[in-house]
Amino acid sequence: MNIFSAIIDSIVGFVSRNPLTTIIIVMLLVFAPSVFGVLFIGVIVLLLFTLAIPAFLLFRLRRASRDMEKEARRTSRQGGSGQYYGRQETKQEGEVKVHSTTQQPPKRVNDNVGDYVDFEEVKEQK
């Protein structure tokens, strides 16, 4: 019963704070019910979106959190190391991998495209 009295109190408070708005709403309801209906449906849709979007985002965030927890549990059961972007590596204890940085990167252009000219910009002295 308290919720009904709270709703009535809020409606009375709105009417006492906004008498002109209340008169316009009542006139729309009486003289142009279709316009009032469109406005009413628009307000309801807007309220639903303001409630549905945060609820949807919260659901997605919780699901992503749950998936990350499952992944963490799975990797911790497998030893916790060796996971790099979904690729599983098996390492023996004491194994060391050395990657050379002096190798040339692979060519990005086919050999049959044409000649490649490597140039260097030189500033002229005046």
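By convention here, the first residue in the shown sequence is residue 1.
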Are any of the side-chain heavy atoms of [X] and [Y] separated by less than 4.5 Å?
{"X": "L39", "Y": "V43", "value": "no"}
{"X": "L29", "Y": "I25", "value": "no"}
{"X": "E71", "Y": "R74", "value": "yes"}

Any donor and acceptor pair, going by atom type alone, linking the side chain of S16 with main-chain N or O of V12 inside 3.5 Å?
-> yes
More than 12 non-hydrogen atoms from neighbouring residues, nucleotides or ligands closer than 6.0 Å to CZ on F14, yes or no?
-> yes
Rounded to the nearest 0.5 Å, how far does CZ of R62 lie from CG of L57?
-> 12.5 Å
How many angstroms lie between atom CZ of R17 and atom OG of S10, to the nearest 0.5 angstrom?
-> 8.5 Å
Out of L46, I41, L48, which one pairs with I44 under the side chain to side chain contact (heavy atoms under 4.5 Å, CB included) rule?
-> L48
Answer with yes or no whether the hydrophobic clustering places M27 together with I24; edges join I, L, V, M, F, W, Y residues whose side-chain heavy atoms lie under 4.5 Å apart.
-> no
In the single-linkage hydrophobic clustering (I, L, V, M, F, W, Y; side-chain heavy atoms under 4.5 Å), do F4 and I11 co-cluster?
-> yes
Return the minimal non-hydrogen interatomic distance between V15 and T22, and the atom names on each side.
-> CA-OG1, 3.6 Å
